[in-house]
2 protein chains.
Amino acid sequence: MVRVGIQDTVAAELLRHFPSEAEIVRLPREPESACEVDFWIPPFNRAAAELVFAHLRGVKVIQSMMAGVDWLLPWVPAGITICDGRGIHDIPTSEWVIAAILASLKQFPRFRDQQLQHIWDGQQAISGGFRAHSGKQPAQLLVLGEELHGKTVLVVGHGAIGAAIELRLAGFGVHILRVARNARDGVSSIAELPALLPQADIVILIVPLTAETHGMFTAEKIARMRPGALLVNAARGPVVATDALVAALQEGRIHAAVDVTDPEPLPPEHPLWSAPNCLITPHVAASTSGFLERAYALASAQLHRYVQGEPLENIVTTAGY
Amino acid sequence: MVRVGIQDTVAAELLRHFPSEAEIVRLPREPESACEVDFWIPPFNRAAAELVFAHLRGVKVIQSMMAGVDWLLPWVPAGITICDGRGIHDIPTSEWVIAAILASLKQFPRFRDQQLQHIWDGQQAISGGFRAHSGKQPAQLLVLGEELHGKTVLVVGHGAIGAAIELRLAGFGVHILRVARNARDGVSSIAELPALLPQADIVILIVPLTAETHGMFTAEKIARMRPGALLVNAARGPVVATDALVAALQEGRIHAAVDVTDPEPLPPEHPLWSAPNCLITPHVAASTSGFLERAYALASAQLHRYVQGEPLENIVTTAGY
């Protein structure tokens, strides 16, 4: 038997495909004593995971369900195999990215604010039906949104989620630029990022958080973005220099849409909350029921491999990370 | 020469491709006397258009820039050729539809409300990192959004905009059902709508407003939608029985995302404003600068045809409508 450590709140239906050799060890929020487990599936909450791990003994494999394992590495000792959740985030995170881009371009946050106040500020509400021509009002039509069509989109980080984003952009008539750690066919090296930034209307960050990517999106990089361009952070908060992002937003230089911030949770007094042209969601891109099904299907497949003595997938190596 | 009537607020740059035979007649918001024009491009505001039209003499062609001309028909006398804006809305309106679907599924309005209050209600904010299992919380992960992937989408009205919506859905892994006035390959007849409604997670209305479609989406049709399904109205407000929509939303039976309402503007006291699970934008789907370029490119192409004596495109016939 393989002892599989799982939170006591996980619904049994999600474990229905686990191998019969798996003995489920239900772990409470704060274990009262040490627990022996061979294969551990940490909870999604990072602080809770660290707390539980302190009570575990004999762990040989950790199967994380996060795409990035940056948060595990500091407190997991060497010798334990760590597997990440590569693949299971592709669908929900790529969907969140397209949602965030379109909602920003179409000014949905602004219309939500107007809805809360019961204000209809559309074409028909314009006094007399006309607007004076100035700035972005090249006719009697007030321009209240932007099109994704024709835009240049720069995808920074081109793993599985980057590819899933691109698949979903295919029907929108955009031009795509790609950057990854290593250049390959159709993908530029990260060294070319500064040169590519001024060409993009939309910049999507979808890199893992590593020593290399920590603080990678500096004030200098933000300054190289086109005026009015949109920065989308679906990676990790610390990838972006938050102070520089806040400054650029407050100066009206760029727009942003972020599912991740630094710090997290974003404290109530943080200036990012009220920076203009910034859409914030509280790290929820993968909070879907489809994701949970996929996550436990991965865990199940890994357990079948483990009990059969087959090699595991998604093993995190220091080289690959 | 052909006298072309255009609002005085339209930027000259938009008219740069007009034929040299076009004599531009700039029309003020409220003309003081009668104006002779052969070819009229009405303003987008309906009330303003009707007001201007009362001062026009000799009009032979009206080139509307709206996809639907329902608003013109009541006050334009027979004998004047009406051309609609078919094609120019495909991009912005289909983008709005995808934006509205994703923003609804990902609960962006809810997160916007939380942002206004500086509240981070994501996974990390859950006390102790765990949630009790109940309803849509099948694990320690709180489900805060839905996936478009795997959903069944019913497109009601399958003209150019319907096809543009479908093109943009292609990368999202959805199953598409189609309904139009006349059945054709892959498209069911409108008579089958009641039978198809219970199969759809998302219902998109993109029909013109005609005597046939006025009030088409009745309380009975709403009742046939799946519990929790999303109704997207990118057509015209009166296509939907608004009272029935409000009732279904208030009972928590369905979700909705609408760019059009009945009436428009939606009055401040209207219950739709605060109905739950309803995203409202004030008829702005086509309010983009790309749309304006495309609209005046169409007008220019039509004028070239007109001065050459060639047949116009997009002519509205009673049969086709």
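We name chains A, B, ... by the order of the sequence lines, and we start the count at 1 in each one.
- Residues satisfying the side-chain contact (heavy atoms from CB on, under 4.5 Å) test with T261(A), not counting sequence neighbours, are V258(A), E264(A), L266(A), L272(A), W120(B).
- A donor-acceptor contact shorter than 3.5 Å links the side chain of E147(B) to the backbone of F291(A).
- Annotation for E95(B) and H149(A): closest pair OE2-N, 2.7 Å, computed over non-hydrogen atoms.
- With a 4.5 Å cut-off on non-hydrogen atoms, F108(B) touches chain A through its side chain but not through its backbone.
- Looking at I98(A), the atoms closer than 4.5 Å to chain B (heavy atoms on both sides) sit in the backbone and in the side chain alike.
- Interface residue L279(B): backbone and side-chain heavy atoms are both found under 4.5 Å from chain A.
- For D259(B), the part lying near chain A is the backbone, with the side chain staying farther off; criterion is any non-hydrogen pair under 4.5 Å.
- At a 4.5 Å heavy-atom cutoff, the contact between L148(B) and chain A is made by backbone and side-chain atoms alike.
- The greatest number of non-hydrogen atom pairs below 4.5 Å with chain B, out of Q114(A), M65(A), K106(A), R112(A), is found for R112(A).
- Residues of residues 162-171 of chain A placed with any heavy atom under 4.5 Å of a heavy atom in chain B are listed by number as L167(A), R168(A), G171(A).
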Check step by step if side chain to side chain contact (heavy atoms under 4.5 Å, CB included) holds for L144(B) and T281(A). CA-CA 10 Å; L144(B) 294 168; T281(A) 59; over 6 Å; no
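- A234(A) pairs by the side-chain contact (heavy atoms from CB on, under 4.5 Å) definition with T93(A), W96(A), V97(A), I206(A), not counting sequence neighbours.
- In terms of heavy-atom pairs under 4.5 angstrom with chain A, the leader among G173(B), A103(B), G150(B), A100(B) is A100(B).
- Here the straight-line distance linking atom CD of E269(B) with atom NE2 of H118(A) works out to 10.0 Å at 0.5 Å rounding.
- The backbone N or O of C278(A) sits less than 3.5 Å from a side-chain atom of Q115(B), completing a donor-acceptor pair.
- Evaluation of the side-chain contact (heavy atoms from CB on, under 4.5 Å) rule for H175(B) yields T152(B), L177(B) as partners, not counting sequence neighbours.
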